[in-house]
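Okay, structure first, notes after.
In listed order, ligands and their atoms are each counted from 1.
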Amino acid sequence: MTETEVPEDHPRYASLVTRHRIETGVDRGITSRQGLIAQGRGEAFDYLLGERTLPSADAAERAAAAALLDATDPVLSVNGNVAALVPTAIVELADAVDAALEVNLFNRTDERMHAIADHLREHGAAEVKGLTGDDEIPGLSHARGTVDADGIGAADVVVVPLEDGDRAEALAATGKTEIVVDLNPGSRSARAAAIPIVDNVVRAVPNVTNHARELAGAESSTLAALVDEFDPDAALDAAEAAIRGGDFERATSE
Ligand code: ATP
């Protein structure tokens, strides 16, 4: 079944399309096989969240947009799942906030780095970083910490969607403002972030872009206030409460 063959009136249309994109990503050498496992884990959390953007996630997405607009050198980190799921949306976000795109993989191979960079260019990216790999995030063994010196290495604000917990913690320890997109509010990545977005990346990335377009032209003080007012612990608590207090019967019948 191709993406266009997924019946639009299917009650689980969005979930089927998402799955299909990941499968295609694996077939094309963009997504790793471990990416399939990450997708399955994410789907389970999304199911429990009711497959919707919580108000607390929307607030996080607005704070993320403000942080990106107010940044000097913002970078959006792209892995194999992100490239497969939201290639157009991530390029649009980079344009909206004037951020660099950097391919950054847990399992770094030259082949996959190039496949993802090419895929992003096919979706409109003018420049894709990550292939130089001339810097390291301290505290990670070689290859797991490899980044570009003029990309993530020099960034003040970094978006890391679907990141491994270890790497997210090491990046947060560098003092950069870290924005994580992760459907599991209990993951170490979400807990390490200054701004954790507990939402599906397919909803989160376009919504950050919408907020960024609304906030474009705002004073730096207004943007900084939006970031300061954001409470990461409260956002994680709200997501956990939504999962634990959810109406499971309704979720399964949707
Ligand atoms: P941690 O160490 O932080 O607890 P992990 O290293 O075990 O996490 P992985 O198995 O690498 O995490 O999975 C990456 C994370 O991405 C998972 O927490 C999963 O819920 C999340 N995830 C998967 N797909 C999506 C998606 N489409 N949108 C948002 N988050 C997702």
Looking only at protein heavy atoms, which one is nearest to [atom], and how far off is it?
| atom | answer |
| --- | --- |
| atom 6 (O) of ligand 1 | D164 OD1, 3.3 Å |
| atom 30 (N) of ligand 1 | L183 N, 3.2 Å |
| atom 27 (N) of ligand 1 | N200 OD1, 2.9 Å |
| atom 21 (C) of ligand 1 | D182 OD1, 3.4 Å |

* Going by the ring-ring contact (aromatic ring centres under 6.0 Å, His included) test, which pairs reach into residues 90-121, not counting sequence neighbours? ->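 Every pair satisfying ring-ring contact (aromatic ring centres under 6.0 Å, His included) with a residue in residues 90-121: H119-H123.
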* **Interatomic distance, T53 atom OG1 to N207 atom CG [nearest 0.5 angstrom]** =>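 The OG1 atom of T53 sits 6.0 Å away from the CG atom of N207.
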* Using distance alone, with no hydrogens and no angle criterion, decide if S187 and D182 have a side-chain donor and acceptor under 3.5 Å apart. => yes
* Before signing off on this row, confirm whether G165 and ligand 1 have an N or O atom pair separated by under 3.5 Å. => yes
* Report the part of V202 (side chain from C-beta onward, or backbone N, CA, C, O) that has a heavy atom under 4.0 Å from ligand 1; answer both or neither where that applies. => neither
* Asked: Could a heavy atom of D199 be found less than 4.0 Å from some atom of ligand 1?
  -> yes
* **Sub-4.5 Å side-chain heavy-atom contact between L85 and Q39** => yes
* **Heavy-atom side-chain contact between V103 and L131 under 4.5 Å** => no
* If you count the atoms of ligand 1 from 1 in the order shown, which ones are under 4.0 Å from a heavy atom of N184? ->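 Under 4.0 Å from N184, ligand 1 has these atoms: 18 (O), 20 (O).
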* Nearest candidate to atom 4 (O) of ligand 1, where distance is taken over non-hydrogen atoms, out of E43, R203, R188 -> R188
* Name all residues meeting the salt bridge (Lys or Arg N to Asp or Glu O under 4.0 Å) criterion together with E169; count only those two or more places apart in sequence or in a different chain, and write none if there are none. => R188
